[in-house]
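Here's the structure we're looking at; comments come further down.
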Amino acid sequence: PQAGRAKAKSVRLADLSKESFVLFHREGAPPLFDTITRMCNQAGFSPKVDCEPDLMQTVLTIVAAEQGVSIVPACVRNLRADGVCFYRLQPDDVRVDLVAVWKKQAPSVALRAFLDVIDEKLPLIRQKSELR
């Protein structure tokens with residue numbers, strides 16, 4: 001950890017076995033949803049999924065309203081999340097790829113500029129996605 005920066009708190013996945021889960025809807029991100037389900041199964045339980053919002057911000061809002069817990073990618077910490085605490089999950093050995101998809105035919109100027117920014121900023125994006 002950097003000087004002056006507190007180490008992230010952690011929670012054991014198995015300790016969430018009795019909790020209600022709020023997970024980003026499977027239709028929007030099947031690999032994320034399936035990875036979370038698989039992680040829970042490997043920890044010895046099936047998550048009780050009470051809600052599957054189609055916006056990540058809504059996931060955070062429902063968690064803030066104390067209607068369940070969620071497992072989200074580290075980058076979600078950058079969203080407005082008043083009343084939500086983020087914890088590092090233990091074990092911390094799972095990663096989900098973030099991908100971008102676009103039509104190759106006649107890419108727009110805006111798309112090309114976006115992809116250039118991604119290429120240029122990739123090391124910083126990776127650094128910021130890590131919990132400290």
Are Val84 and Leu79 grouped together when hydrophobic residues (ILVMFWY) are joined by side-chain heavy atoms under 4.5 angstrom apart? yes
Side-chain donor or acceptor of Gln57 paired with backbone N/O of Arg80 under 3.5 Å: yes
Ser108 side, atom OG; Lys103 side, atom NZ - distance, nearest 0.5 Å: 12.0 Å
Flag side-chain contact, heavy atom, 4.5 Å: Thr37 against Phe33: yes
Between atom CG of Leu16 and atom CE of Met39, what is the distance when rounded to the nearest 0.5 Å? 9.5 Å
Test item: Phe24 and Ile36 side chains (from C-beta on) under 4.5 Å apart, heavy atoms: no
Donor-acceptor check, side chain of Glu19 to backbone of Ser17, threshold 3.5 angstrom: yes or no? no
Show the nearest heavy-atom pair for residues Glu52 and His25, with the distance to one decimal. O-CB, 3.4 Å
Residues, nucleotides or ligands: over 12 heavy atoms within 6.0 Å of Phe114 CZ: no
Contacts of type side chain to side chain contact (heavy atoms under 4.5 Å, CB included), residue Ala113, not counting sequence neighbours: none
For Arg26, what residues pass the salt bridge (Lys or Arg N to Asp or Glu O under 4.0 Å) criterion, not counting sequence neighbours? Asp34
Is the shortest heavy-atom distance from the side chain of Val59 to the side chain of Leu23 under 4.5 Å? no
Measure the spacing between CE of Met56 and OG1 of Thr58 and express it to the nearest 0.5 Å. 10.0 Å
State which residue, out of Ile71, Asp50, Val63, fulfils the side-chain contact (heavy atoms from CB on, under 4.5 Å) condition with Phe21. Ile71
Is it the case that the side chain of Ser70 and the backbone of Val22 share a donor-acceptor pair, with hydrogens and angles ignored and the cut-off at 3.5 Å? yes
Does Ala74 offer a backbone N or O that forms a donor-acceptor pair with the side chain of Arg77 under 3.5 Å? yes
Side-chain touch Pro73/Leu32, heavy atoms, less than 4.5 angstrom: yes
For residues Leu13 and Gln90, determine if any side-chain heavy atom of one lies less than 4.5 Å from a side-chain heavy atom of the other. no
Would you say Leu55 and Leu60 are hydrophobically clustered, going by side-chain heavy atoms of ILVMFWY under 4.5 Å? no
For residues Phe45 and Ala14, report the shortest heavy-atom separation together with the two atoms involved. CE2-CA, 4.1 Å
Using a 4.5 Å cut-off on heavy atoms from C-beta on, say whether the side chain of Ser10 contacts that of Tyr87. no
